[in-house]
Every structure is written in structure tokens, then in C-alpha cells.
Amino acid sequence: MLKTAHDLVQEARKSVDEQAPEAVRQRMAAVDTLVIDVREPDEYGQGHLPGAISIPRGMLEFRISSEPALQRTERPLVVYCKTGGRAALATVSLQSMGFGQVVSLAGGYEAWLAAGLPIDKPADIAFD
């Protein structure tokens, strides 16, 4: 039987630490926490969690493997996407790579917005 993306996400959620937006906000205030947005670049460009770096889900393992600054497995990580599915899958991958302090934002970016928490947006470009 073919497993669907939904099936894989449900399995992933059983083995990851999903935290509510306020708990994630507190975690982000801790020194040295890295926040990874695994959405696509256009989604990231429309707004993202403060200080988040963009690493699309499809490139995550490759980028982590190729950038020594991202390879500190003891570093606390927060991973998020739009609603939590891609982040759950990404969190499982990061755990498999050896990261021990990785959490997924429950409900993703949409839950963060619904909680009224701050976001960063690129500055609007003004043309004269």
C-alpha cells in the first residue's frame, strides 16, 4: 500500500517535539537558537519568523551537510513551515542527522500569525 504525504507527516509527528507558538517564541529568545524556515523562498519572502533563515525542505539535508556553520548538532533548532507538515518531516531528518535539540512549530507560520506574534517582512521597494 502506498503511503501518502499525509501518512508520512502523521508518522513524523509521533517522533518530534512540536511546540506551541508561545513556547517557540521563548525558545527563540535563548542564546544561539537557530530558526529554520523550510518553506519555499517566495513564502519566506512574504514574511517569516524574526531571525529565521530560509532553507527550503527539499534542500535541507544538502545545505546542512555543505555548510560547517550549520553542523553544530548540540545547537538548539526551531523548524517551521506553513502549517507544520514539512517541518515535522524536516525535524525527523535533522534528528536522523544527529541534532538532539530540534523542535517543530506546532501549526507552523499560520499558528504563529494567529497568535499575534511578530514577523519580519522584507522592506517594500519604493520606485521614484
Side-chain angles (χ1 to χ4, degrees):
M1 180 171 108
L2 176 70
K3 287 186 180 182
T4 66
H6 179 76
D7 295 333
L8 295 173
V9 167
Q10 293 308 317
E11 282 181 23
R13 284 191 162 133
K14 293 176 186 175
S15 63
V16 302
D17 182 4
E18 285 190 305
Q19 295 186 359
E22 184 56 35
V24 166
R25 187 191 65 75
Q26 291 174 13
R27 184 178 179 92
M28 288 169 57
V31 176
D32 205 31
T33 298
L34 179 63
V35 181
I36 302 174
D37 183 327
V38 295
R39 299 176 300 158
E40 293 301 309
D42 62 318
E43 294 174 286
Y44 177 86
Q46 294 171 20
H48 51 85
L49 273 61
I53 64 168
S54 175
I55 306 177
R57 172 66 195 100
M59 296 304 298
L60 181 67
E61 296 85 354
F62 299 102
R63 181 123 174 244
I64 296 287
S65 296
S66 68
E67 292 189 31
L70 299 176
Q71 296 173 8
R72 294 186 18 235
T73 57
E74 75 285 353
R75 183 183 212 175
L77 301 178
V78 170
V79 181
Y80 74 94
C81 63
K82 183 178 179 182
T83 60
R86 288 175 281 180
L89 295 171
T91 299
V92 168
S93 282
L94 289 165
Q95 289 171 339
S96 295
M97 293 176 82
F99 290 91
Q101 296 189 65
V102 57
V103 301
S104 176
L105 172 59
Y109 185 71
E110 288 186 356
W112 184 271
L113 288 176
L117 296 170
I119 62 167
D120 284 349
K121 280 190 167 183
D124 291 330
I125 299 172
F127 295 98
D128 292 332

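Hydrogens, waters and symmetry mates play no part in the numbers below; they use all other heavy atoms, side chains included. Numbers for residues simply follow the sequence, beginning at 1.
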If every non-hydrogen atom of [X] is compared with every non-hydrogen atom of [Y], which pair is closest and at what distance?
X    : Y   : answer
C81  : G84 : SG-N, 3.1 Å
V92  : S15 : CG2-OG, 3.7 Å
A106 : P21 : O-CD, 4.1 Å
E61  : S93 : OE2-OG, 2.7 Å

Determine, using the 4.5 Å side-chain heavy-atom cutoff (strictly less than), whether [X] and [Y] are members of one ILVMFWY cluster.
X    : Y   : result
Y109 : V24 : yes
V16  : M97 : no
L70  : L77 : yes
V79  : I53 : yes
I119 : M28 : yes

Give, for atom [atom1] of [X] and atom [atom2] of [Y], the distance between the pair rounded to the nearest 0.5 Å.
X   : Y    : atom1 : atom2 : result
K82 : L113 : NZ    : CG    : 10.5 Å
D37 : H48  : CG    : NE2   : 7.5 Å
R25 : L49  : CZ    : CG    : 11.5 Å
I64 : M59  : CD1   : CE    : 11.5 Å
T83 : E110 : OG1   : CD    : 6.0 Å
R72 : D32  : CZ    : CG    : 4.0 Å

Donor-acceptor contact present, side-chain [X] to main-chain [Y], <3.5 Å:
X    : Y    : result
W112 : P118 : yes
R86  : R39  : no
E40  : P56  : no
E18  : S104 : no

Please walk me through it: do K14 and E11 pass salt bridge (charged side-chain N to carboxylate O under 4.0 Å, His left out)? CA-CA 5 Å; K14 293 176 186 175; E11 282 181 23; over 6 Å; no

Check: [Y] and [X] side chains under 4.5 Å, non-hydrogen atoms:
X    : Y    : result
L105 : V35  : no
Q95  : V102 : yes
R27  : P76  : yes
V103 : T91  : no
L60  : I36  : yes

Report the C-alpha separation of E22 and L117 in whole Å, then their side-chain angles, then the decisive distance to 0.1 Å, and conclude whether the side chain to side chain contact (heavy atoms under 4.5 Å, CB included) test is met. CA-CA 8 Å; E22 184 56 35; L117 296 170; 3.9 Å; yes

